[in-house]
Protein chains: 2
Amino acid sequence: MHVSSQLRHDQPTRHRHNPGDVLSSLAMTTRYGRGQEIYTQDHPAEHWYRVVSGAARRFTVQVNGRRQIVDFLLPGDFFGLASRNVHLFAVEAIVEGTVVAAYPRERAEALADANPHLGREIRTVTAAEIARLQTRILILGRIGSLGKVSAFLLEMAERLSSRTQASKTGEGILLPMSRYDIADYLTLSVETVSRALTSLKQRGAIKLVGTRRVKIIHYDALEDSDE
Amino acid sequence: MHVSSQLRHDQPTRHRHNPGDVLSSLAMTTRYGRGQEIYTQDHPAEHWYRVVSGAARRFTVQVNGRRQIVDFLLPGDFFGLASRNVHLFAVEAIVEGTVVAAYPRERAEALADANPHLGREIRTVTAAEIARLQTRILILGRIGSLGKVSAFLLEMAERLSSRTQASKTGEGILLPMSRYDIADYLTLSVETVSRALTSLKQRGAIKLVGTRRVKIIHYDALEDSDE
DNA sequence: CGCTCGGTTGACAACCGTCAAAGCGTGTGG
DNA sequence: CCACACGCTTTGACGGTTGTCAACCGAGCG
């Protein structure tokens with residue numbers, strides 16, 4: 001018996017295998033408030049997760065008190081796949097009303113044993129997490145605040161526009177995170193992030209509407225911000 | 001028919017399922033010289049890989065000419081698991097005589113469809129790659145050259161000693177990579193890496209025998225090198 | 001109305017990258 | 001066997017970028 005046939009009403013017209021199709025039958029969704037924790041560091045890793053809507057940050061707090069954000073989790077992103085025993089990082093919702101789907105790890109693994117298609121799906125989403133982390137390393141590896149912030153904006157434009165309903169229409173992208181989050185993500189100080197954004201705005205590369213909405217004017221200018 | 005029964009002479013006494021046990025029947029090993037490429041950027045991703053002995057670097061070259069090392073690959077490490085179509089990074093052997101096992105991706109995937117145990121194995125090694133990249137992000141995220149270099153030394157001590165035959169006996173660890181490699185790994189200049197090592201040596205945290213052999217004297221001193 | 005939180009801007013010092021030069025080790029060729 | 005040359009490493013001097021400290025502004029909220 002194929003699990004995929006048990007799927008309910010997932011738009012029967014298009015039957016391509018999007019990640020999560022089969023897994024979705026196991027999902028238990030929860031809604032989180034702004035700043036609410038989804039799981040804590042050292043929490044037993046009993047579930048895999050996927051962001052349905054909203055945004056979350058995965059982070060750790062160093063011994064010196066500085067918060068290091070490992071990555072941002074946006075709609076469509078799976079996370080928690082690497083943890084075998086306990087989660088190495090904490091995860092918190094960033095925006096009010098973030099919805100996260102949880103999949104019981106053991107049951108998903110057992111199901112995958114009998115359903116090769118699900119097994120491939122899991123490997124696919126895991127590979128996607130690796131790709132995300134590798135991109136992340138490249139961004140962190142850039143030198144200079146302008147390069148980092150530019151790369152961050154390009155990453156967010158890419159991830160936000162491709163996964164959610166065109167939030168990148170004509171009015172730019174809506175960043176779900178604060179300047180502090182961006183700073184802890186890029187390993188910069190808040191002031192430097194603010195200065196970099198101001199600099200990019202003044203040279204006409206981006207446009208800021210309020211503080212959270214960013215419209216990228218010249219993609220080339222951002223890509224060329226090496227150093 | 002179970003694939004695991006086709007395995008030849010994999011020490012019949014100990015039958016615990018180490019990662020790669022089942023995969024090993026597909027392996028094709030190759031020996032590489034110092035600096036020799038294992039695959040290039042944009043190369044079709046037809047294989048998964050595993051370092052048997054030696055060491056390798058995975059890297060990309062930025063538009064400004066700077067080389068960014070994404071991670072170091074040591075004995076036991078799998079790599080290339082995330083690539084679905086083409087490899088996003090190039091991989092080169094670091095030391096003379098590095099031996100790498102290659103596993104045909106399609107055949108491994110097909111085998112995994114019929115063998116749940118292999119499927120789990122693949123997910124396990126993929127999860128290990130994620131864990132490695134996350135650790136990597138934490139190291140990159142540290143501020144200050146002393147913190148980065150200290151974290152790098154601790155990571156190498158951990159990875160080198162746990163996987164290879166006790167290379168961390170009484171005489172410290174043997175770094176397979178040059179100062180330039182370390183610099184491109186930590187996003188620092190070679191000079192800063194050298195100065196940081198000198199500084200750690202002078203304050204008695206480490207001991208240097210030649211240039212490649214490092215003995216960690218005070219682990220606490222390295223861990224406390226926050227900023 | 002006043003508080004707090006998030007964001008921006010300014011001044012200054014510390015750290016790191018760049019340029020430069022010298023030491024060191026290894027391998028190769030005379 | 002020695003000498004040289006090349007690559008790798010270290011150290012020094014200097015300038016630029018960024019973190020820190022500080023102040024100010026605006027929005028949201030009790």
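All chains are named by letter (A, B, ...) in the order of the sequence lines, taking the proteins before the strands, and each is independently numbered beginning at 1.
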(request) Can you sort out the partners of H47(B) under ring pair (Phe, Tyr, Trp, His ring centres under 6.0 Å), two or more places apart, ordered by chain and number? (result)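 Applying ring pair (Phe, Tyr, Trp, His ring centres under 6.0 Å) to H47(B) gives none.
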(request) Sort and list the pairs that fulfil ring pair (Phe, Tyr, Trp, His ring centres under 6.0 Å) and have at least one residue in residues 186-213 of chain B, not counting sequence neighbours. (result) none
(request) Report yes or no: is the cationic atom of R57(A) (NZ for Lys, CZ for Arg) closer than 6.0 Å to the six-membered ring centre of F89(A), at no more than 45° off its axis? (result) no
(message) With each end axis built from five pairs of C1' atoms, what bend angle do you get for the helix from dC1(C)-dG30(D) to dG30(C)-dC1(D)? Round to 10°.
(response) 30°
So does [Y] get a backbone contact from the side chain of [X], meaning a donor-acceptor N/O pair under 3.5 Å?
X	Y	result
R179(B)	E191(B)	no
E158(A)	E155(A)	no
R136(B)	Y185(B)	yes
R132(A)	A127(A)	no
S199(B)	R195(B)	no

Using atom [atom1] of [X] as one end and atom [atom2] of [N] as the other, report the distance to the nearest whole Å.
X	N	atom1	atom2	answer
K148(A)	dC16(C)	NZ	C1'	13 Å
L186(A)	dT18(D)	CG	P	12 Å
L146(B)	dG19(D)	CG	P	17 Å
R213(A)	dA27(D)	CZ	C1'	18 Å
I143(A)	dG16(D)	CD1	C1'	12 Å
N64(B)	dG17(C)	CG	P	14 Å

(request) Apply side-chain contact (heavy atoms from CB on, under 4.5 Å) to T198(A) and L208(A), showing your working. (result) CA-CA 9 Å; T198(A) 304; L208(A) 292 176; 6.0 Å; no
(message) So S189(B), base contact, sugar-phosphate only, or nothing? Heavy-atom distance under 4.0 Å.
(response)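 Answer is base: heavy atoms of S189(B) come under 4.0 Å of a base.
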(request) Please work out if S199(B) contacts a base, only the sugar-phosphate, or nothing of the nucleic acid, heavy-atom cut-off 4.0 Å. (result) nothing
(request) Look at atom CZ of R34(A) and say whether more than 12 heavy atoms of other residues, nucleotides or ligands are closer to it than 6.0 Å. (result)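 No - once you tally the heavy atoms of other residues, nucleotides and ligands closer than 6.0 Å, there are 12 at most.
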(message) How would you summarise protein contacts on nucleotides 3-11 of chain C per nucleotide, using B for base, S for sugar-phosphate only and - for none, with heavy-atom distances below 4.0 Å?
(response) ---SSBBBB
(request) Assign a letter to each nucleotide of nucleotides 21-28 of chain C from its 5' end: B, base within under 4.0 Å of a protein heavy atom; S, sugar-phosphate only; -, no contact. (result) --------
Taking distance alone, no hydrogens or angles, what donor-acceptor pairs closer than 3.5 Å link side-chain atoms of residues 143-151 of chain B to residues at least two apart or in another chain?
unit_1, atom_1, unit_2, atom_2, d
K148(B), NZ, L186(B), O, 3.0
S150(B), OG, L146(B), O, 2.7
S150(B), OG, S225(B), OG, 3.3

